[in-house]
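Each remark here refers to the structure printed beneath this line.
Proteins come first, then strands; the chains are lettered A, B, ... in the order of their sequence lines, and each starts at number 1.
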Amino acid sequence: MSELTYRDALNLALKEEMRRDPSVVVFGEDVALYEGSFKVTRGLLAEFGEERVKDTPISENTIVGVAVGAAMGGLRPVAELMTVNFALLAMDQIVNHMAKVRSMFGGQTHLPMVVRMPGGGGSQLGAQHSQSLESYFMHCPGLRIAYPATPADAKGLLKTAIRDPNPVIFLEHELLYNSKGEVPDDPEFLVPFGKANVVREGSDVTVVAYARMTVLALQAATELAKEGISCEVIDLRTLNPLDVETFVASVRKTGRAVVVEECWRTAGLGGDLAHRIHEACFDTLRAPVRRVAGLDVPMPYSREIEKLCIPRVETIAAAVRDVLAASV
Amino acid sequence: METKLRAVLPDHELVKLYEQMVIGREFEEACAEQYTKGHITGFLHLYSGQEAVAVGATAGLHKDDYILSAYREHAQAIVRGAEPKRVMAELFGKATGLCKGKGGSMHLFAPELSFMGGYAIVGGQLPVACGLAFSAKYRQEDRITACFFGDGAVNQGTFHESLNWARLWELPVLFVCENNFYGIGTEVHRSSALPTVHKRTCGYDIPSEKVDGMDVVAVFKAVKYAAEKVRESGRPYFIEATTYRFRGHSMADPAKYRSAAEHEIWKSRDPIPAFARRLLDEGIAAEEELEAIRKRCTATVQDAVTFAEESPWPEDRQIWEDIYV
């Protein structure tokens, strides 16, 4: 074990996989000479050279399209979009090509590719640079989606993503890059897709979260424990495949659930999770599932109002108390 | 003065070009018939009139060079070697189709022939072509990537992004614009500030040329030359082939935006009879031989229709197959 930041854990995953497999190539805007706008690709150009670590023009749609073609041709491209917000320029290649090529060509090819994209709000970057678009990708069949909460998962999930034969959207939270944690040194350390992590066991309420929302949910659980409330916190790790079994089993045990998502509430993924819980646990639920979500507004810049638009420890804790109060 | 055909290719290969154009045409005309009978549904974009481009270009490439195209690609796939019966079965939506009935008319794919797909988002295949070319270059494979698209694609962002990218990364891509002068019903003059498509590439430092896309040998020569340039230099090249579709954009389009006079001028330049005349005039083939070819192609296409009719539908379980590995 070593203590690493989320950023360095991702960096290590890229280096280990590039050392392991010469078909892994990395490209994106400013990833080579500049070493990434969030420095996730630091040192890659120096170690692997310009054949494998390549800067691209600011052409997001074509970045993804080139990865699609390169994967079809037998490489394992890891493309970086500078932020998830710019993925909107690449939605044609992501949704119409990356997600569909295998199916519409009758399974005659597959795309072992990863598109990394930092995202999430809370850095006062304004409406166009603060979005959480995980629900957009989750809505589209044909993609795998990973979104780590911890440095260890950042390493283990990215390594799995690179080795996976399917196209993977790999989301990284900008506010987690400096977070630290113990990371296994083993270069064969992999975190499997589709296995949610019960990060805190509890008996009163299940809190389902992912990425930075998991970090906040754990802090809320610590606060609530002081009030004698026992939360079970589940980190989904991957949004596709979605480990329904794990959170349903937890809710069947606790009888109550709060679903936390950073994206906008309306048509957000939390509605889908809540519905799955209601369907599977109706007979054991003691209160309606509560959702904590981003507010349905374009993100404002000012610090004092921006923070109100994103789930916080207080709003998660309040939702847990509400569920308990509403219980039959 | 026109080059003598024998100076370009041996007789049997010239006759093969004729046969490929005939089967392309026969196939499309059979598709139209099957569409009106309701056996082929969805969108159906026919290639009739443009055969010289696919046939001439494919002949100018190596067999393992990648080919990508748009959604008017039946002939492209067949000329590359896809079995007409499996293409027809795909159009019928049958389980024996090239893509098991999941793709349809616009999404043919045959990786064993290096035919890397028909794509139905205008301009969507250009970045994918760059990616395939990059993989070939990275793996040091001696193959180039030929990417076909229509004049409608040249105002998409991906066109400009991909040309820039291919030159910047020095990718072995041959861009082939099949300029049939219409993006559905909008004539190129009404959509492009510079309607002479090949002139646009100077902004990306990519050499280009224009070729008569109604002349199969002219296309062959241009593509062969360009493909060798790409192979030698490792850099992209651009060909604009001017051509004409004898039918509407799709079967749903009666093409009323084009005048009868314009249509007649292009019909008089139909690449198939024009090439047949040259084969006869230069003594490369006799009329009986060409007639036998036409009959053989008609029979092949009829067999394809029968095969498609008799093939089973995909099974319900296949809905969930071939999405993830």
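Under the 6.0 Å cut-off for aromatic ring centres, B:Trp165 and B:Phe134 do not qualify, their centroids lying 6.0 Å or more apart.
Only the side chain of B:Leu168 comes within less than 4.5 Å of a heavy atom in chain A; its backbone stays farther off. For A:Leu111, no part lies under 4.5 angstrom from a heavy atom of chain B. For A:Val25, the part lying near chain B is the side chain, with the backbone staying farther off; criterion is any non-hydrogen pair under 4.5 Å. Heavy atoms closer than 4.5 Å to chain A are found in the side chain of B:Tyr138, but not in its backbone. B:Leu108 touches chain A through its backbone: at least one of N, CA, C or O sits under 4.5 Å from a heavy atom, while the side chain does not. If you measure heavy-atom distances from B:Met116 to chain A, the contacts under 4.5 Å come from both the backbone and the side chain. Neither the backbone nor the side chain of B:Glu90 comes within contact range of chain A; no heavy atom of the residue lies under 4.5 Å from a heavy atom of that chain. For A:Asn240, the part lying under 4.5 angstrom from a heavy atom of chain B is the side chain only.
With rounding to the nearest 0.5 angstrom, the NE2 atom of A:His110 is 15.0 Å from the CZ atom of A:Phe105. Note that CZ of A:Phe193 and CZ of A:Arg163 are 12.0 Å apart. Values are rounded to the nearest 0.5 Å.
Of the residues considered (A:Val101, A:Asp164, A:Thr109), A:Thr109 shows the highest number of contacts with chain B, using heavy-atom pairs under 4.5 Å.
Relative to the ring axis of B:Tyr324, A:Arg102 does not place its NZ or CZ within 45° and under 6.0 Å from the centre. At least one test fails for A:Arg237 against the ring of A:Tyr147: distance under 6.0 Å to the centre or angle within 45° of the axis.
No side-chain N or O of A:Gln93 forms a donor-acceptor pair with one of A:Asn61 less than 3.5 Å apart.
Screening residues 73-97 of chain A for ring-ring contact (aromatic ring centres under 6.0 Å, His included) gives A:Phe86-A:His129, A:His97-B:Tyr119 as the qualifying pairs, with residues at least two apart or on separate chains.
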